[in-house]
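Atom set for the values below is all heavy atoms of this structure, side chains included, hydrogens, waters and symmetry mates excluded. Just so it is clear, the structure is predicted and the values come from calculations on it, not from any experiment.
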Amino acid sequence: MTNPDCIFCKIVAGDIPGDIVHKDDLVTAFRDINPVAPSHILIVPNKHIPDNNTFTEQDEHIAGRIFRIVKLLAEQEGISESGYRLIMNTGPDSHQEVMHMHMHLIGGQGMKYPMG
Ligand code: 5GP
Ligand code: ZN
C-alpha cells in the first residue's frame, strides 16, 4: 500500500533517490536529508501508515521490526555504546512534517535536540 503523493513512499519504491542504509520486506531506513547529528537515520514502514494514531493491531509486527533494525543500525553506526535517541513525532504539536510514520535514530556527538 503506497500513497502516490507521499515522499517517503517514493523513497521506499525507489522513485526518488534516498541514501538507503537498510531495506527488508517490512521497513526501509535512509539517512535524513537534514541531519541534526552525525548519525541521523529514518526508519519507515514500507507500507504507508501516516502516523502513530493510524497504526493498528495488524501492524504490530512492523513495530517489532523497527526496533530490531534500530539496534542493528546503531551497531553499524558505532553509536550503540555512546548512545542515541529515538524520536517518533505524531500530530501538529510534535511538528511532524512528513505524514508517513518514521522513527528518527539520532546519535553521535553534538546532536541538536529538540529539532525544529
Ligand atoms: P518529522 O518532522 O516529520 O518527524 O521529520 C521529517 C524528517 O524528514 C525531517 O528530519 C526531514 O529532514 C526529513 N526529510 C524530509 N524530506 C526528506 C527527503 O526527501 N529525504 C530525506 N532523506 N529526508 C527527508
Ligand atoms: Zn507514504
Side-chain angles (χ1 to χ4, degrees):
M1 189 175 70
T2 59
N3 179 332
D5 300 323
C6 171
I7 196 154
F8 286 179
C9 281
K10 288 179 183 162
I11 290 174
V12 168
D15 292 340
I16 64 167
D19 189 354
I20 292 174
V21 293
H22 172 88
K23 182 155 193 191
D24 61 41
D25 59 322
L26 292 179
V27 304
T28 300
F30 50 89
R31 294 192 190 278
D32 196 291
I33 204 166
N34 186 22
V36 299
S39 292
H40 188 170
I41 294 172
L42 304 173
I43 302 95
V44 312
N46 292 342
K47 170 185 172 183
H48 184 79
I49 303 170
D51 63 12
N52 201 56
N53 291 335
T54 48
F55 188 80
T56 67
E57 198 176 343
Q58 285 76 42
D59 301 322
E60 279 183 354
H61 58 301
I62 298 173
R65 183 67 62 84
I66 287 173
F67 279 97
R68 189 169 68 72
I69 297 309
V70 159
K71 181 182 154 188
L72 187 80
L73 292 170
E75 288 166 0
Q76 284 179 15
E77 294 289 300
I79 56 173
S80 296
E81 301 303 320
S82 52
Y84 53 88
R85 285 186 168 127
L86 300 177
I87 297 169
M88 183 179 284
N89 295 317
T90 293
D93 283 352
S94 77
H95 301 289
Q96 183 181 3
E97 289 172 5
V98 179
M99 293 307 292
H100 180 128
M101 183 177 178
H102 50 279
M103 182 75 85
H104 295 256
L105 165 61
I106 300 171
Q109 288 198 326
M111 66 175 81
K112 294 182 227 112
Y113 177 82
M115 297 128 48

Legend entry - Between OG on residue Ser39 and CG on residue Asp32, distance to nearest 0.5 Å: 12.0 Å

Legend entry - Donor-acceptor contact present, side-chain His100 to main-chain Pro45, <3.5 Å: yes

Inset, instruction - Flag the pair Ile87 / Asn89 as yes when at least one side-chain heavy-atom distance between them is below 4.5 Å, and no otherwise. - result: yes

Legend entry - For Arg85, all residues meeting salt bridge (charged side-chain N to carboxylate O under 4.0 Å, His left out), sequence neighbours excluded: none

Inset, instruction - Work out which heavy atom in Gly107 is nearest to a heavy atom in Ala37; give both atom names and the distance. - result: O-CB, 3.4 Å

Legend entry - For Asp15, salt bridge (charged side-chain N to carboxylate O under 4.0 Å, His left out) partners two or more places apart: none

Inset, instruction - Please list, chain by chain and in numerical order, all residues satisfying ring-ring contact (aromatic ring centres under 6.0 Å, His included) with Phe55, sequence neighbours excluded. - result: none

Legend entry - For the student: nearest non-hydrogen atoms of Pro38 and Gln109, plus distance: CD-O, 3.2 Å

Legend entry - Asp93: partners by salt bridge (charged side-chain N to carboxylate O under 4.0 Å, His left out), with sequence neighbours left out: none

Legend entry - ring pair (Phe, Tyr, Trp, His ring centres under 6.0 Å) between His104 and His102, worked out: CA-CA 6 Å; His104 295 256; His102 50 279; 5.1 Å; yes

Legend entry - Beyond-backbone contact of Val12 with Val44, side-chain heavy atoms, under 4.5 angstrom: yes

Inset, instruction - Under the salt bridge (charged side-chain N to carboxylate O under 4.0 Å, His left out) rule, collect the residues that match up with Arg31, sequence neighbours excluded. - result: Asp19, Glu77

Legend entry - hydrophobic_cluster_shared for Ile62 and Ile11, side chain cutoff 4.5 Å: no

Inset, instruction - Establish whether Ile33 and Leu42 are linked, either directly or via other cluster members, by ILVMFWY side-chain heavy-atom contacts under 4.5 Å. - result: no

Inset, instruction - Answer yes if Met111 and Val21 sit in the same cluster of Ile, Leu, Val, Met, Phe, Trp and Tyr residues linked by side chain heavy atoms under 4.5 Å apart, and no otherwise. - result: no

Legend entry - Nearest-0.5 Å distance that lies between atom CD1 in Ile49 and atom SG in Cys6: 11.0 Å

Inset, instruction - Check whether Leu73 and Ile106 end up in the same hydrophobic cluster, where Ile, Leu, Val, Met, Phe, Trp and Tyr are linked by side-chain heavy atoms less than 4.5 Å apart. - result: no

Inset, instruction - Measure the CG-CD distance between Asn34 and Glu97 for me, rounded to the nearest 0.5 Å. - result: 8.5 Å

Inset, instruction - Check whether Met101 and Phe30 end up in the same hydrophobic cluster, where Ile, Leu, Val, Met, Phe, Trp and Tyr are linked by side-chain heavy atoms less than 4.5 Å apart. - result: no

Inset, instruction - Report the distance from atom CG of Asn53 to atom OG1 of Thr56, rounding to the nearest 0.5 Å. - result: 12.5 Å

Legend entry - Spacing of Leu105 atom CG and Leu86 atom CG [to the nearest 0.5 Å]: 6.0 Å

Inset, instruction - Check whether the side chains of Gln96 and Ser94 place a donor and an acceptor atom closer than 3.5 Å, and report yes or no. - result: no

Would you mind writing out the side-chain donor-acceptor pairs for residues 63-71 within the sub-3.5 Å range, not counting sequence neighbours?
| from | atom 1 | to | atom 2 | distance (Å) |
| --- | --- | --- | --- | --- |
| Arg65 | NH1 | Asp24 | OD1 | 3.1 |
| Arg65 | NH1 | Asp24 | OD2 | 3.3 |
| Arg65 | NH1 | Asp25 | OD1 | 2.8 |

Inset, instruction - Using distance alone, with no hydrogens and no angle criterion, decide if Thr28 and Asn46 have a side-chain donor and acceptor under 3.5 Å apart. - result: yes

